[in-house]
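Keep in mind it's a predicted model, so treat the numbers as computed, not measured. Here is the naming used below: chain letters follow the sequence lines, and residue numbers restart at 1 for every chain.
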Protein chains: 2
Amino acid sequence: MNSHGDGVRVTGTDVADRLRRQSRRMTAPRQAVLDALRGHDHPLSIKEIFAALTNQLCDLVTVYRSMHLLEEMRVVNRFDFGDGVARYELAKEGDDGHHHHLICTSCAVVIELDDCFPHELQQRIASHSGFKAVTHRLEFFGLCPRCQDPTPSRC
Amino acid sequence: MNSHGDGVRVTGTDVADRLRRQSRRMTAPRQAVLDALRGHDHPLSIKEIFAALTNQLCDLVTVYRSMHLLEEMRVVNRFDFGDGVARYELAKEGDDGHHHHLICTSCAVVIELDDCFPHELQQRIASHSGFKAVTHRLEFFGLCPRCQDPTPSRC
DNA sequence: ATCGCTGCAAAAATTTTGCAGGTAA
DNA sequence: TTACCTGCAAAATTTTTGCAGCGAT
């Protein structure tokens, strides 16, 4: 089932099936939102997604509603870079999409980090506190190589 | 210099001095905001701070402006629990206030964590990526003991 | 007496909601 | 055909800005 070239990425067909299973519908705006996310390898804000839609395909409100639905369905993951703007990234198949980012505080370039580190620390925190179902959000910030360079080459 | 009972917490006098050094002023609203933060051991949102002011002492706009200034002066630290609401906590003297929280996803109780994510891993990320001045934001989420209990005792 | 700070009003920016009509299944 | 989805408008939030007057130093 479903194994084209794009590998682990969620495909439109998958999402359509999952939508149908919940008696929701695959529509042009939702396709377009997913395409926009597929075209980028880092999280996009609502406005960035909206801007990426060809021909202003749908209303901004529809993007909001789509992202709410897709997040609830766990088709996308929401990330927060501490600036109050929610950013969304396509979840990958077969995992919960849990990972972290390294963001340049100057030019906002985003590096995807594959490792997730604090699991052991998380376990310890869970057992110390008595909390269950403990998860975490972790993002790194710093100055990327280009932005360290005084030369004014647009970063 | 300055050593009353409240120990490592920033005192009003300290902040007044720091303000004066930057030719800013210690005013009643700023005092009240600091008092509100002192009265709580977990981060407060702008609206919570505003609500905590006695007698609606100042305008909401002033709270916004105060928090911007105090954050810039590093008198307070801003935290983000992933819900798009900025929360502020009084910084402690002598350290940068860097720490993390464990937040109940059901009742929003906040546990202050003293541990910090291993700096060594952060170093490794920095050297792998070439980023400088790398920092991070890390918050934990889970279900607190009271909220695990089905008994309806308000949490 | 400065010059920073505040309140008020208003603008700007972001997100949600209601409803009539369009459309996927 | 059903009921989900969308556009449009409007409301509700959240945050920022302008400006005249107040007030800390």
Side-chain angles (χ1 to χ4, degrees), chain A residues 12-36 43-73 75-76 78-88 108, chain B residues 11-36 43-73 75-76 78-88:
Chain A
T13 330
D14 284 331
V15 180
D17 289 344
R18 292 169 63 181
L19 284 163
R20 273 189 286 271
R21 252 176 266 135
Q22 305 188 18
S23 66
R24 322 298 308 243
R25 289 158 189 178
M26 176 53 84
T27 61
R30 290 175 186 176
Q31 275 289 5
V33 163
L34 292 169
D35 286 342
L44 298 183
S45 68
I46 296 271
K47 301 187 75 169
E48 286 169 337
I49 295 169
F50 182 61
L53 299 179
T54 46
N55 298 348
Q56 176 100 23
L57 189 142
C58 71
D59 197 272
L60 178 61
V61 174
T62 299
V63 181
Y64 275 100
R65 290 194 268 226
S66 295
M67 298 324 292
H68 286 180
L69 176 64
L70 294 173
E71 182 186 5
E72 190 187 324
M73 290 178 62
V75 171
V76 300
R78 183 166 56 84
F79 292 94
D80 198 318
F81 291 172
D83 58 357
V85 179
R87 289 181 170 79
Y88 298 89
Chain B
T11 66
T13 331
D14 284 330
V15 180
D17 289 344
R18 291 169 63 181
L19 284 163
R20 272 189 287 272
R21 252 177 264 133
Q22 304 188 20
S23 66
R24 326 279 332 225
R25 289 157 191 180
M26 176 52 84
T27 61
R30 291 176 186 174
Q31 276 289 5
V33 163
L34 292 170
D35 286 342
L44 298 183
S45 69
I46 296 270
K47 301 187 77 170
E48 287 168 337
I49 295 169
F50 182 61
L53 300 179
T54 45
N55 298 348
Q56 175 99 25
L57 188 142
C58 71
D59 197 271
L60 178 61
V61 174
T62 299
V63 181
Y64 274 101
R65 290 194 266 225
S66 295
M67 299 323 293
H68 285 179
L69 176 64
L70 294 173
E71 183 186 3
E72 191 187 323
M73 290 178 62
V75 171
V76 300
R78 182 166 58 83
F79 291 95
D80 198 319
F81 291 172
D83 59 357
V85 179
R87 290 180 169 78
Y88 298 89

>> The criterion is salt bridge (Lys or Arg N to Asp or Glu O under 4.0 Å); which residues satisfy it with A:Arg78, sequence neighbours excluded?
In response: A:Glu71
>> Once ring pair (Phe, Tyr, Trp, His ring centres under 6.0 Å) is applied, do any residues pair with A:Tyr88, and if so which ones, sequence neighbours excluded?
In response: none
Produce the list of close N/O pairs, under 3.5 Å, pairing protein atoms with atoms of nucleotides 22-24 of chain D; give distances to one decimal.
residue, atom, partner, partner atom, Å
D:dG23, N2, B:Arg25, NH1, 2.5

> Listed by chain and number, what are the salt bridge (Lys or Arg N to Asp or Glu O under 4.0 Å) partners of B:Arg20, not counting sequence neighbours?
Replying inline: B:Asp17
> Pick the nucleotide of DNA chain D nearest each of B:Lys47 and A:Leu19; which residue has the one closer to the 5' end?
Replying inline: A:Leu19
> What are the two closest non-hydrogen atoms of A:Val33 and A:Ser66, and how far apart are they?
Replying inline: CG2-CB, 4.4 Å
>> Holding to side-chain hydrogen bond (donor to acceptor under 3.5 Å, both in side chains), I want the full list of residues that pass it with B:Arg24, two or more places apart in sequence or in another chain.
In response: none
>> Nearest whole Å is fine: how far is D:dT16 C1' from B:Asp59 CG?
In response: 13 Å
> Which pair of heavy atoms, one from B:Thr62 and one from B:Pro29, lies closest together, and at what distance?
Replying inline: CG2-CB, 3.7 Å
> What residues form a ring pair (Phe, Tyr, Trp, His ring centres under 6.0 Å) with B:Phe50, not counting sequence neighbours?
Replying inline: none
>> Just so I know, are the side chains of A:Leu34 and A:Val75 near enough to count as touching, which here means a heavy-atom distance under 4.5 Å?
In response: yes
> Under a 4.0 Å heavy-atom cut-off, which of residues 79-86 of chain A touch DNA chain C?
Replying inline: none
> Given axes from five pairs at either end, by how many degrees does the helix from C:dA1-D:dT25 to C:dA25-D:dT1 bend, rounded to 10°?
Replying inline: 40°
>> If the condition is salt bridge (Lys or Arg N to Asp or Glu O under 4.0 Å), which residues does B:Arg87 pass it with, not counting sequence neighbours?
In response: B:Asp83
> Which heavy atom in A:Leu44 sits nearest to a heavy atom in A:Ala36, and how many Å separate them?
Replying inline: CD1-O, 3.9 Å
> In whole Å, what is the span from the CD1 atom of B:Ile49 to the C1' atom of D:dT15?
Replying inline: 14 Å
> Considering all heavy atoms of both residues, which atom of A:Ser45 and which atom of A:Val85 are nearest to each other, and what is their separation?
Replying inline: CB-CG1, 3.6 Å
> Taking side chain as C-beta onward, heavy atoms only, is B:Leu69 less than 4.5 Å from B:Leu19?
Replying inline: yes
>> For A:Asp59, give me all partners under salt bridge (Lys or Arg N to Asp or Glu O under 4.0 Å), at least two apart in sequence or on another chain.
In response: none
>> Using a 4.0 Å cut-off on heavy atoms, which residues in residues 60-72 of chain A reach DNA chain C? List them by number, or say none.
In response: A:Val61, A:Tyr64, A:Arg65, A:His68
> What is the nucleic acid contact for A:Leu57, judged by heavy atoms within less than 4.0 Å: base, sugar-phosphate only, or nothing?
Replying inline: sugar-phosphate
> Hey, are the side chains of A:Leu53 and A:Val63 touching, using non-hydrogen atoms and a 4.5 Å cut-off?
Replying inline: yes
>> Reading DNA chain C in the 5' to 3' direction, which nucleotide is the first one with an atom under 4.0 Å from a heavy atom of chain A, and which is the last?
In response: C:dT14 to C:dA25
> Is there a side-chain contact between A:Leu70 and A:Arg30, using heavy atoms and a 4.5 Å cut-off?
Replying inline: no
